[in-house]
*Asks:* 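Please find one structure pasted underneath; my questions will follow.
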There are 2 protein chains.
Amino acid sequence: MSLTNTTNESSCKASRTQQAYAILRERILDNSFKAGEQMLETTLAENLGMSRTPVREACIQLEREGLIKINPRKGILIKPISAHDMSEIYDILCALEPQAARLVAEKSAQGQIACESLERLEKTTADMAAALANDNLHEWAMADEAFHFALLEMCDNQRLKDVVLQFWGQAHRARFFTLPYRKKPVDSTKDHIALVNAIKQGDGELAFRIHAEHRLKGKYNLLNIIKNFDLESL
Amino acid sequence: MSLTNTTNESSCKASRTQQAYAILRERILDNSFKAGEQMLETTLAENLGMSRTPVREACIQLEREGLIKINPRKGILIKPISAHDMSEIYDILCALEPQAARLVAEKSAQGQIACESLERLEKTTADMAAALANDNLHEWAMADEAFHFALLEMCDNQRLKDVVLQFWGQAHRARFFTLPYRKKPVDSTKDHIALVNAIKQGDGELAFRIHAEHRLKGKYNLLNIIKNFDLESL
DNA sequence: TCAATATTTAATGTATACATTATTTTTTAA
DNA sequence: TTAAAAAATAATGTATACATTAAATATTGA
């Protein structure tokens, strides 16, 4: 599960601030840093082999991104995600991702969607089905993510893409941890197929409705798991 | 037009970084700093009477917020807004604000909306109508903003509120500049009244549809002005 | 003259020193 | 012993010094 905004812009060597940002973000997303953990600027700087300055600058960005909370004399807190946080995040994704689907379908109606893009959607959907057949939930989640990201790439709205990725990032750990508790997500493959068809037909309203429904199911799935298994903060 | 996130959290004296952030943000939003203008960190630091460090930290946040672009050896660029930018921003707001309306209506259905909140919506709507009657577009815009913000306050989703405010911020100057070119926004009062009714009835779906329609009109209004008057970048 | 190269300049990126302040510890007095 | 006050501590907030590097300028050789 990448979830790294692989824009890799400028591609030349990254500044220490950028390095610190990338490393810290990765460690948060892959759970090397546990939720609730707190660390001092100084400690982080030592660990990363750099001075406090770039660490601070990276942390400011991570805080804006909603991944950490800077607690002035307590340290950098890796923000845990509560059920309420999750609900907030999904209410945003439930609005934004269907909008992305609509935009893609509308572009498609005007013949502005490349074949390869549609094929990528179909490929990732097939990957999901295959992973499901093999009972490999981790692979399934990766393919699911790939589908959703591909859709975002296609909608030609950088801001929309960025903001959705931001909230995916916040929800990432929770999705990962609840994965084993999910009942087999057999419907999701169907939803994706239906969405791709709506896009091909260029029916924006339909694409929106299908994706909204799809996301809403995802929300309730996740929230039920968090409540039933008493995973109050992840 | 405040548009400042008046959370005023911690309320104790603000750090220089926070001061710099607040001042710079205000100057960008109120157009003291013109779009396209570029300034050096050093210059800004001198102007604000502080060292580069807090200015840098503030700028990092403003860049994340989409208001400036830090161009390594060129300076801090006040980002101009193009028609395409505007379209991106409104496609996001067209998804998020109706979602906020839905959430408020659903809370209302469960009797969780305070009377004063509904009254605030009605008050700001009345203010809009009054401003319109007086041909005072500036007052109208302020009341309109107040209505939209009040709605966001009511939806009990801090993230949703923050992210909508972020994009309002990006669009702020453009809305302000196009104000005199707008045809009298007589419909908007009606839309707001209809929305408040839907909320009172607790009809989330209706509230969503009304607000989506409302925002979509706003989008086309603004984009047409930008195109017709050749305001390519604001 | 002009293009290629070397030099200088000026701005940022980064480290570090210092100032400030919340917290903790120690001291003191009842 | 314990609560209040004082001192010490430790972390951040901020300024500044230095390193790096892109851009601008000057130099050189054809």
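Just so we're on the same page: letters track the sequence lines, and every chain starts at 1.
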*Asks:* Considering only NZ, NE, NH1 and NH2 on the basic side and carboxylate oxygens on the acidic side, decide whether B:Arg16 and B:Glu57 come within less than 4.0 Å.
*Replies:*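 A salt bridge is absent here (no side-chain N lies under 4.0 Å from a carboxylate O).
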*Asks:* Is the shortest side-chain N/O distance from B:Thr17 to OP1 or OP2 of D:dG13 below 4.0 Å?
*Replies:* no
*Asks:* Return the CG to NE2 distance between A:Leu165 and A:His148, rounded to the nearest 0.5 Å.
*Replies:*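 Reported value, rounded in 0.5 Å steps: 12.0 Å.
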*Asks:* Which listed nucleotide (C:dA11, C:dT14, D:dT12) is nearest to the side chain of A:Thr53?
*Replies:* C:dT14
*Asks:* What is the distance from CE of B:Met50 to C1' of C:dT20, rounded to the nearest Å?
*Replies:* 16 Å
*Asks:* Counting only side-chain heavy atoms from C-beta out, which of D:dG13, C:dT14, C:dG13 sits nearest to A:Arg56?
*Replies:* D:dG13
*Asks:* So, the side chain of A:Asp85 versus the backbone of A:Ser82: is there a donor-acceptor pair under 3.5 Å, distance only?
*Replies:*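 Indeed, once roles are kept as given, a pair shorter than 3.5 Å links the two residues.
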*Asks:* Round to a whole Å and report the spacing from CD1 of A:Ile60 to C1' of D:dT12.
*Replies:*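 About 12 Å, once rounded to whole Å.
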*Asks:* Between A:Glu63 (CD) and D:dG13 (P), how many Å, whole number?
*Replies:*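 So the CD-P distance, A:Glu63 to D:dG13, works out to 10 Å.
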*Asks:* Whole angstrom is fine here: how far is it from CD in B:Glu57 over to P in D:dA15?
*Replies:*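 Distance, rounded to whole Å: 10 Å.
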*Asks:* Do the side-chain N or O atoms of B:Ser15 get closer than 4.0 angstrom to the phosphate oxygens (OP1, OP2) of D:dT12?
*Replies:*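 Indeed not, no polar side-chain atom of B:Ser15 lies that close.
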*Asks:* Please work out if A:Arg16 contacts a base, only the sugar-phosphate, or nothing of the nucleic acid, heavy-atom cut-off 4.0 Å.
*Replies:* sugar-phosphate
*Asks:* Is a side-chain donor or acceptor of B:Glu46 paired with a backbone partner of B:Thr43 at a separation under 3.5 angstrom?
*Replies:*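 Pair absent, no side-chain N/O of B:Glu46 close to backbone of B:Thr43.
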*Asks:* Heavy atoms from C-beta onward define the side chain here; which of D:dA23, D:dT12, C:dT14 lies closest to that of B:Lys74?
*Replies:*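 Selected nucleotide (nearest to the side chain): D:dA23.
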*Asks:* Distance check needed: D:dA11 P versus A:Met39 CE, whole Å only.
*Replies:*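 Roughly 14 Å, once rounded to whole Å.
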*Asks:* Please determine, for the side chain of B:Ser51, which listed nucleotide (D:dT12, C:dT14, D:dT16) has the closest atom?
*Replies:*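 Of all the options, the side chain of B:Ser51 is nearest to D:dT16.
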*Asks:* Between A:Arg52 (CZ) and C:dA15 (C1'), how many Å, whole number?
*Replies:*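 These atoms are roughly 11 Å apart.
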*Asks:* Locate the shortest heavy-atom distance separating B:Tyr21 from B:Ala58; write the atom from each residue and the value.
*Replies:*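 Smallest heavy-atom distance, with atoms named: N-CB, 3.5 Å.
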*Asks:* Measure the distance from CD on B:Glu46 to C1' on D:dT16 and round it to the nearest whole Å.
*Replies:*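 Interatomic distance, CD of B:Glu46 to C1' of D:dT16: 14 Å.
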*Asks:* Roughly how many Å is it from CZ in B:Arg73 to C1' in D:dT20, rounded to a whole number?
*Replies:*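 Atom CZ in B:Arg73 sits about 7 Å away from atom C1' in D:dT20.
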